Amino acid sequence: MQDSIASEPESSEPPELDPTQWVDQHGDYLFRYAFSRLRDTNAAEEVVQETFLAGIRFLDRYNGRGAERAWLLGILKRKLVDYVRMRARFDRDGLTSDGGDPTAQMFDARGNWRAGSMRFDLPDQSLESQELWEVVKGCLSHLPQGQADVFVLSVMENMDSDQICRELEITPSNLWVRLHRARLALARCVSARWMQEESNEVVENGK
Amino acid sequence: MASDRDASELVSRSFSGILTSKQSGDLTEAVEQSVPLRNYAKLSGMIQDSVSDIAMRAAAGDDSLAPGLSADAKDRMRRSVSQEQLKRSRSGMGISRTLGLESSTVADNRSTTETGRTMSSEFTFVRKLGEGGLGTVWLARDVKLKRLVAVKEMNADAAEIPRAWARFHREAEITGHLEHPSVVPLYQFGTDSRTGQPFYAMRFVGKRTLVNAILEYHERLNAGKDVSMDLHNLLTAFISVCQAIAYAHSRGVIHRDLKPENVAIDNFGQVIVLDWGLAKTSTESEMGAFGGISGMASDPDFGKTVAGEVIGTPLYMAPEQAAGNLDNIDERTDVYGLGAILFSMLTGSAPHQASSIRDGQPVRIHELLKSISENPSPSPRSYRPNIPSGLEAICLRAMERHSHSRYASAMDLAEDVQKWMAGRSQRREQYDNARSEGRELRTSLQSSVRDLERNVRFMASIPPIQEIVDGVRKHTNVELPAWRERLSLIFQGLLRANCDFSSVSFCEVADGQWRELVRVERHSTDYSSVRAIPGSRLASGPLTSCMQTALDLNPEEVHLALSADCGTKSTGTPGKSKPSMLSAGVPVYDSRTEELFGFVRIEASLDRLIESEMRDRLKSTADLVVLDNDCSIILHMNRTAGRIRQSEGRPMTEFLSDWPEVRSALKNSGEFYDEHNHAIHATRVDLIPGRYSLAIVQSVADRLTPRPVRPESCRI
């Protein structure tokens with residue numbers, strides 16, 4: 001029919017994927033994504049490698065609807081959660097406790113702010129995100145793993161609390177305690193580091 | 001709102017948007033009333049935005065966030081991808097044929113004459129996993145159960161020797177009788193119906209052993225990475241090995257060849273003790289428990305044969321084994337072997353590695369055995385100095401030369417390692433808190449110095465300063481005494497509000513001389529008393545180079561120096577030669593002529609500045625010490641005893657034997673982090689960049705008490 005406005009029917013065959021090109025085409029992208037979540041080069045490499053291997057195993061499930069990279073990213077996200085769960089299982093301390101509790105250092109016995117615990121100059125609002133991220137990243141690496149992981153899954157991966165509890169096999173109240181402690185410890189650490197960096201800048205300028 | 005803590009929880013919850021309207025109202029009110037809460041909410045918001053932004057940028061492929069994969073990692077991944085592809089393609093064609101390996105089928109047919117029935121199993125070999133003198137281990141597929149197994153097949157040559165055949169049988173029987181999660185489970189023993197050679201099938205546990213885990217741990221350790229979890233995992237595996245050996249002992253079996261190569265770790269972290277080929281049963285009665293084993297251990301030749309074979313791996317051997325005292329071999333021989341495994345975990349080397357080489361050449365076996373049997377056991381710290389002392393003590397006790405001095409059982413050894421781990425976990429938490437407190441203290445001290453700078457800058461800019469300049473220069477007809485009185489009152493207010501400040505003065509400079517116009521100072525012993533110095537007592541003198549440096553600055557630029565360097569009148573403790581005052585000066589210009597007029601200077605007592613920051617800081621620390629630039633103690637505080645004045649002025653070397661190592665870390669990186677013992681933490685505070693630093697040293701567990709040493713020159 002010459003005057004038809006209907007689009008050509010799509011081929012029912014999904015496009016052929018070529019795993020030999022994956023490392024070069026998507027390796028860096030997936031690695032950066034994984035590294036931003038796991039903060040550990042070895043862990044990020046392991047997860048990317050697992051993603052590629054799983055991609056090969058599940059090649060037949062690729063239906064061709066999305067881009068190849070998006071399909072691999074979907075697998076990577078799953079592998080990230082698996083990795084965090086495995087890490088939590090091996091970290092027995094992480095299973096039995098929430099790790100460090102900053103509240104005792106920030107609040108007195110009556111629950112009031114300790115003098116000086118929130119005494120800091122806030123970073124400039126116009127601060128470069130990259131600059132603040134460098135500070136936050138450093139602080140995340142000093143959080144107990146159990147706190148850092150739930151914070152990352154919640155804020156970076158946008159997982160809801162039910163999902164996180166299910167994946168990490170923790171109770172909702174435990175999740176909230178971890179998230180709150182993570183936020184308190186991060187605020188305390190970022191402000192301390194920020195002041196430290198400012199002091200260092202003063203030192204450098206003084207030279 | 002019940003408390004600030006409750007309010008901070010609401011702030012945290014608000015980021016997930018699950019507040020009720022009442023909670024939301026309470027929070028708004030609390031945020032309006034509390035500055036710290038407002039700061040916390042704002043900062044948490046900025047952190048949340050920053051993290052979300054990075055998450056989105058990573059998803060969008062922003063390559064400025066981090067470097068990509070290393071070339072090595074890419075190579076490794078390409079290899080893995082191609083191997084996986086190859087494997088997938090083979091799976092469709094049949095493993096044994098496409099792998100091109102020697103394909104063999106082991107079938108076990110047994111018939112019982114009573115019933116005439118025959119039972120058979122079939123295994124298809126996939127690839128060879130390893131080979132020894134007695135047999136070859138294959139990865140094989142159980143055809144009927146469709147699972148991968150490891151099959152140990154006796155070598156054709158060895159099968160000709162009756163004693164070797166019996167030993168092979170005995171190894172299988174001992175392994176088969178030990179039913180424990182950390183002993184490899186044996187599925188079947190039989191003979192190949194085609195060749196008649198004996199074999200046994202067991203669970204396939206992979207090829208990763210403790211050797212791999214130890215190598216990885218030491219690689220990461222040498223690369224300076226955080227290895228606390230790696231050590232934790234290694235010790236957890238070690239405890240599992242101890243428990244497996246304790247179980248074997250309870251069944252009367254002694255392994256006799258414990259070494260990292262004989263401990264497999266599967267993909268899920270399960271530890272499996274392998275190779276019970278040299279094991280012996282300890283008593284005749286327990287031999288009976290094994291039913292089918294026919295007196296092999298009582299065969300005198302058997303022991304000799306075993307002794308001859310273990311010589312092949314003497315690097316982990318106990319002295320009584322090396323001496324050939326077979327009668328003395330008992331459970332404590334395995335305790336030594338466990339200690340040797342712990343030794344290799346801690347050092348990355350086998351215990352007798354050093355003895356096996358002399359002048360760069362391997363020594364003869366009999367010389368090595370003699371050395372092992374006659375010399376004391378090696379110390380882990382002689383291989384690697386930074387090993388935690390508690391773990392070294394455990395290792396040394398397990399490896400005592402005389403077996404009666406070792407742990408009585410493998411469980412006692414495991415228990416001590418568990419206790420050490422539990423103590424370390426608690427100590428680590430305490431240490432991390434102390435580290436965090438030390439950093440906070442550093443930040444607070446630096447923040448106090450910035451306060452000092454801000455105050456002196458402000459004092460130089462207030463109107464009475466210019467009025468006095470006008471009066472002295474006679475630009476206008478001002479009442480000079482009245483303005484000096486006003487400035488004096490402001491200076492007194494400043495000192496009363498800042499108890500760390502010792503004096504504040506305004507000086508005129510002319511013809512290479514300085515002259516005080518107004519000076520207010522704190523009484524040297526009664527700190528609460530602040531006094532204005534009368535005109536007749538105001539000081540003057542020639543300009544020092546330090547003052548000149550301050551005067552060379554532009555308006556509002558602050559010069560920081562030690563009072564001793566700046567030649568000022570110090571109100572520090574008499575008799576102490578060390579600098580105890582920090583001086584901040586800012587130049588003052590005549591606003592009419594724009595010429596330099598003089599300077600305003602504030603002096604702060606270092607001692608008081610530090611002590612005021614110390615209050616309420618001793619939470620995670622037993623002792624806290626602040627050192628000045630020449631490593632002598634300015635302040636020493638103990639959690640229970642309070643301030644210890646006897647220590648003040650003494651060198652740190654008297655209190656800490658490892659001080660040179662700590663000082664070196666402070667000089668190079670500004671922090672000493674004791675990752676092995678979690679005992680001492682130190683951080684550097686740069687008060688005057690490049691010229692004057694303090695050090696904060698915290699001892700987490702032990703009191704710092706003086707010990708006699710020779711004096712040593714030192715500078716942080």
Side-chain angles (χ1 to χ4, degrees), chain A residues 19-20 22-24 27-29 31-33 35-36 45 48-49 52-53 56-57 73 90-93 100 103 105 107 110-120 122-123 125 129-130 132-133 136 154-157 161 176 179-180 183-184 186-187 190-192 195-196 199 202-203 206-207, chain B residues 2-6 8-9 12-13 15-16 34 36-37 39-40 42-44 46-48 50-55 58-59 61 63-66 68-69 73-74 76-78 80-82 84-85 88 229 233 269 425 429 432-433 436-437 439-440 442-444 446-447 450 616 619 686 689-690:
Chain A
T20 56
W22 284 354
V23 175
D24 292 317
D28 288 339
Y29 169 79
F31 172 76
R32 286 192 188 100
Y33 189 96
F35 183 75
S36 71
E45 285 178 4
V48 173
Q49 175 153 324
F52 289 147
L53 298 185
I56 295 170
R57 285 195 284 276
L73 181 61
F90 279 106
D91 177 7
R92 291 187 180 178
D93 292 340
T103 51
Q105 289 162 6
F107 300 100
R110 288 185 300 172
N112 296 324
W113 296 102
R114 282 189 188 281
S117 62
M118 274 286 135
R119 200 188 85 184
F120 52 74
L122 283 177
Q125 293 282 357
S129 174
Q130 181 71 29
L132 180 58
W133 167 243
V136 173
S154 169
V155 179
M156 296 188 99
E157 285 298 288
S161 52
W176 284 116
L179 275 174
H180 177 51
R183 288 186 196 282
L184 276 177
L186 277 177
V190 167
S191 63
M195 289 188 75
Q196 179 60 36
S199 305
V202 170
V203 170
K207 286 177 185 174
Chain B
S3 69
D4 293 337
R5 187 170 46 217
D6 296 339
S8 74
E9 281 178 24
S12 294
R13 281 180 177 265
F15 286 105
S16 303
S34 163
L37 186 67
N39 277 345
Y40 169 61
K42 269 188 193 169
L43 187 53
S44 289
M46 290 171 73
I47 292 169
Q48 172 106 356
S50 165
V51 174
S52 303
D53 178 49
I54 292 299
D63 57 12
S64 67
L65 287 179
L69 283 166
K74 282 187 177 172
R76 202 167 54 242
M77 285 184 195
R78 283 190 201 101
S80 299
V81 165
S82 56
E84 184 69 20
Q85 281 184 293
R88 304 305 296 173
M229 274 316 295
N233 291 339
S425 172
E429 189 176 338
D432 285 345
N433 286 337
S436 171
E437 286 164 14
R439 286 175 160 181
E440 276 178 28
R442 178 179 64 184
T443 307
S444 296
Q446 283 171 340
S447 161
R450 287 171 57 198
D616 301 327
K619 295 207 169 48
D686 295 326

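Worth knowing before you read on, the calculation uses all heavy atoms, side chains too, and leaves out hydrogens, waters and symmetry mates. Order of the sequence lines fixes the chain letters, A, B, ..., with proteins taken first and strands second; residue numbering starts at 1 for each chain. This one's a predicted model, so the numbers in the text were calculated from it and none came from an experiment.
Here the side chains of R13(B) and H180(A) are not in contact, with every heavy-atom distance at 4.5 Å or above. A heavy-atom distance below 4.5 Å is found between the side chains of F107(A) and S8(B). Residues Y29(A) and L73(A) have side chains in contact (heavy-atom distance under 4.5 Å, counting atoms from C-beta outward). Side-chain contact check for S80(B) versus F52(A): every heavy-atom pair is 4.5 Å or farther apart. Taking the side chain as every heavy atom from C-beta outward, I47(B) and V155(A) never approach each other to under 4.5 Å.
Looking at D432(B), there are no atoms closer than 4.5 Å to chain A (heavy atoms on both sides), in backbone or side chain. Heavy-atom distances place both the backbone and the side chain of L53(A) under 4.5 Å from chain B. With a threshold of 4.5 angstrom between heavy atoms, T20(A) approaches chain B through its backbone and through its side chain. When heavy atoms are compared at a cutoff of 4.5 Å, V136(A) approaches chain B solely by way of its side chain, counted from C-beta outward. Using a 4.5 Å cut-off between heavy atoms, W176(A) contacts chain B through its side chain alone, with no backbone atom that close. In this structure, chain B has heavy atoms under 4.5 Å from both the backbone and the side chain of Y33(A).
Heavy-atom pairs under 4.5 Å with chain A peak, among V81(B), D63(B), L69(B), at L69(B).
Side chain to side chain, Y40(B) and S191(A) fail the donor-acceptor criterion of an N or O pair below 3.5 Å.
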